[in-house]
Amino acid sequence: MDRKRELKQQYKETPVEAGIFQIKNGQNNKIYIGSTKNLRTLNGIKFMLENNGFTTSKALQTEWKQFGKEAFTFELLEKLKKNDDPFVTEKEALAELEEKWLEKVQPYGERGYNHQK
């Protein structure tokens, strides 16, 4: 029981990290680029996809159902570096980082599941 309590405490003490991730469909190489304030929530995204609750990209949700979870891989692309600039919020910095990756990867149309803004 002590080991379980110790692991729980260790989990709580682990710093929360924000970052950019990609979900790639190995069947057709389509990519989804996303961001999260807490990289530990990637399991929650998998859970939503498995339970038909991922509303951010209907196309990704549809193909997850069609191809199955085995066809998809999750990859961390970049962690958000801590910024000491008091005029830039974490949310803004994360949005900027996500935009950089969207520009680089271009996961739109036949190449991916994101929608151009």
Side-chain angles (χ1 to χ4, degrees):
M1 195 60 145
D2 285 336
R3 179 73 178 140
K4 187 176 180 181
R5 190 174 293 132
E6 185 181 309
L7 287 172
K8 198 178 211 179
Q9 187 62 34
Q10 189 177 1
Y11 177 82
K12 287 179 183 178
E13 292 174 2
T14 303
V16 174
E17 294 182 292
I20 307 301
F21 65 92
Q22 93 174 1
I23 304 171
K24 184 174 184 179
N25 182 335
Q27 298 290 320
N28 59 19
N29 291 320
K30 282 181 149 183
I31 293 173
Y32 174 80
I33 301 287
S35 64
T36 180
K37 288 184 177 183
N38 184 349
L39 290 168
R40 290 190 276 183
T41 64
L42 290 180
N43 283 332
I45 293 169
K46 289 177 190 175
F47 179 82
M48 285 191 291
L49 283 162
E50 288 173 19
N51 291 285
N52 206 28
F54 190 74
T55 57
T56 309
S57 172
K58 297 277 188 206
L60 173 56
Q61 181 64 73
T62 299
E63 290 193 359
W64 182 278
K65 237 170 112 174
Q66 178 185 350
F67 295 111
K69 67 181 179 182
E70 299 79 21
F72 293 85
T73 56
F74 282 68
E75 181 182 347
L76 171 63
L77 297 176
E78 188 173 351
K79 289 181 183 177
L80 183 64
K81 291 172 183 60
K82 296 294 178 201
N83 189 340
D84 295 329
D85 185 342
F87 299 106
V88 178
T89 66
E90 180 184 57
K91 183 178 180 180
E92 292 168 332
L94 193 57
E96 204 173 284
L97 191 58
E98 182 176 5
E99 193 57 44
K100 177 188 99 169
W101 278 97
L102 288 169
E103 185 65 34
K104 181 178 180 177
V105 178
Q106 295 288 313
Y108 310 112
E110 294 300 312
R111 296 181 53 149
Y113 302 107
N114 292 82
H115 299 286
Q116 277 186 302
K117 296 174 183 167

Point-to-point distance, once rounded to the nearest 0.5 Å, from CD of E98 to CG of N114: 7.0 Å

Value rounded to 0.5 Å, distance of CD1 in I31 from OH in Y108: 12.0 Å

Residues 99-107, side-chain donor-acceptor partners within the protein, below 3.5 Å, at least two apart:
unit_1	atom_1	unit_2	atom_2	d
K100	NZ	E78	OE1	2.8
W101	NE1	E78	OE1	2.8
Q106	NE2	E103	O	2.9

Aromatic plane relationship, F21 with Y32 - under 30° parallel, 30 to 60° tilted, over 60° perpendicular: tilted

Heavy atoms from other residues, nucleotides or ligands near CZ of F47 exceed 12 (cutoff 6.0 Å): no

Side chains of K24 and N29 in contact at under 4.5 Å (non-hydrogen atoms): yes

Euclidean distance, W64 CH2 relative to L49 CG, rounded to 0.5 Å: 5.0 Å

Spatial distance of atom CD1 (I23) from atom NZ (K69) [nearest 0.5 Å]: 14.0 Å

E50, CD atom: more than 12 neighbouring heavy atoms under 6.0 Å: yes

Heavy-atom closest pair, residues G109 and K30: O-CE, 3.8 Å

Neighbour count above 12 (heavy atom, 6.0 Å) for E110 CD: no

Co-membership, hydrophobic cluster, residues I33 and F74, 4.5 Å side-chain: no

Heavy-atom check, side chain of F72 versus side chain of Q27, under 4.5 Å: no

N51 side chain to G53 backbone, donor-acceptor under 3.5 Å: no

Euclidean distance, I45 CD1 relative to L39 CG, rounded to 0.5 Å: 9.0 Å

F54 backbone acceptor or donor facing Q61 side chain under 3.5 Å: yes

Flag, side chain of S35 to backbone of L94, donor-acceptor distance under 3.5 Å: no

Separation between CE of M48 and OG1 of T55, rounded to the nearest 0.5 Å: 7.0 Å

V16 side chain near R40 side chain, heavy-atom distance below 4.5 Å: yes

Partners meeting side chain to side chain contact (heavy atoms under 4.5 Å, CB included) with T89 (sequence neighbours left out): K91, E92

